[in-house]
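Just the heavy atoms: all of them, side chains too, but no hydrogens, waters or symmetry mates, feed the values below.
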Amino acid sequence: MYFESEHSNHDGYMAVGSVVMNRLTSGAYASSICGVVAQKRQFAPGVMTRTVSDLAEPDLDQVASEVLNGERHPEVKDAMFFHTEGLKFPYNNMHYVAVAGGNAFYEKRGLDGALETPAPLPGYEVAMNYVTTNAVTTMPSPILLPTGNQIPIPTLDPTTTASISAVPTSTVAVPAPRPAIDGAAAHPVSFGRAGG
């Protein structure tokens, strides 16, 4: 995120991080973050070994946590590609969606508008399925089943008796139906779409 966004800012880091996660979950690239980032001729040379400025580390750590927890740059969408802002290419399938951190981000789409690459999973899927956390333990837990002496068994008190009477001794309140619910079947409900 740091080297590809020209040491820019939160917005630039988030955009590059979104592309990395889109590639990870598309199934068309490596199955790990390091595998995606280290793929030859895809990201800046040496990104796995170069040193990051100490001043940038707090913001990078924050963005990395946000991306791993499912947050994405709002404009990057399904983009898995970007190049330096201002460059021009003659290809018809480059559908630009965002500019951030000195880069122009694009999706590859056909003439019919359909994605030419497998669509990435939504951010929440990454947070749930791809990211491991230190808080989760993977050690097996024993299954605890109660033993016979731990289950309370009720016993009858021989001094008490029970009787059943045909005459009710108390009243039961029966709620009346709400008019709005009863009439709902007779009146179709429609929902307008907000914002056009």
Side-chain angles (χ1 to χ4, degrees), residues 1-135 192-196:
M1 295 184 303
Y2 179 70
F3 297 111
E4 286 289 1
S5 65
E6 301 177 2
H7 314 179
S8 64
N9 55 26
H10 186 278
D11 192 51
Y13 300 156
M14 180 63 76
V16 173
S18 297
V19 165
V20 170
M21 299 312 277
N22 284 351
R23 286 185 175 203
L24 172 70
T25 64
S26 73
Y29 293 88
S31 60
S32 71
I33 293 171
C34 289
V36 168
V37 173
Q39 188 174 355
K40 287 184 180 179
R41 297 189 189 124
Q42 295 299 310
F43 292 97
V47 293
M48 300 296 283
T49 57
R50 290 164 50 190
T51 304
V52 173
S53 164
D54 292 341
L55 295 174
E57 280 189 23
D59 197 27
L60 282 169
D61 288 344
Q62 178 185 348
V63 174
S65 293
E66 291 169 358
V67 168
L68 291 175
N69 285 315
E71 231 177 285
R72 297 289 176 268
H73 189 283
E75 296 171 9
V76 169
K77 302 176 187 171
D78 294 337
M80 290 186 222
F81 310 96
F82 60 92
H83 59 72
T84 303
E85 182 183 6
L87 296 179
K88 301 287 182 203
F89 296 93
Y91 308 111
N92 294 331
N93 65 346
M94 298 170 75
H95 177 75
Y96 290 94
V97 294
V99 173
N103 292 309
F105 295 80
Y106 63 96
E107 301 166 341
K108 287 186 178 179
R109 292 191 175 268
L111 295 176
D112 61 354
L115 277 174
E116 293 180 348
T117 56
L121 294 176
Y124 66 83
E125 285 279 341
V126 176
M128 291 183 347
N129 298 316
Y130 282 82
V131 180
T132 58
T133 62
N134 294 333
R193 191 170 167 200

Could you tell me whether [X] atom [atom1] has more than 12 heavy atoms of other residues or ligands within 6.0 Å of it?
X     : atom1 : value
Tyr91 : OH    : no
Asp61 : CG    : yes
Leu87 : CG    : yes

Report yes if the side chains of [X] and [Y] come closer than 4.5 Å at any heavy-atom pair, otherwise no.
X      : Y      : answer
Glu116 : Arg109 : no
Phe82  : Val76  : no
Val63  : Met1   : yes
Met14  : Glu66  : yes

Side chain [X], main chain [Y], donor-acceptor under 3.5 Å:
X      : Y      : value
Thr25  : Leu121 : yes
Asn22  : Ala79  : yes
Ser18  : His73  : yes
Glu107 : Asp78  : yes

Looking only at the side chains, is there a donor atom on one of His83 and Asn103 sitting less than 3.5 Å from an acceptor on the other?
no

Between the side chains of Gln42 and Arg23, does any donor sit under 3.5 Å from an acceptor?
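Distance-only check passes for Gln42 and Arg23.
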
Exactly one of Tyr106, Phe89, Phe81, Phe105 should register a ring pair (Phe, Tyr, Trp, His ring centres under 6.0 Å) with Tyr96. Which one does?
Tyr106

State the CE-NZ distance between Met94 and Lys88, to the nearest 0.5 angstrom.
10.0 Å

Could you state the interatomic distance from CG (Leu115) to NZ (Lys77), rounded to the nearest 0.5 Å?
11.0 Å

Without placing hydrogens or testing angles, list every side-chain donor-acceptor pair under 3.5 Å for residues 43-60, not counting sequence neighbours.
unit_1 : atom_1 : unit_2 : atom_2 : d
Thr49  : OG1    : Gly46  : O      : 3.3
Arg50  : NH1    : Pro45  : O      : 2.9
Ser53  : OG     : Leu55  : N      : 3.2
Asp59  : OD2    : His10  : N      : 3.4

Indicate the atoms forming the closest heavy-atom contact of [X] with [Y], along with that distance.
X     : Y      : value
Asp11 : Ala100 : OD2-CB, 3.4 Å
Gly35 : Ser32  : N-OG, 2.9 Å
Gly17 : Val67  : O-CG1, 3.8 Å

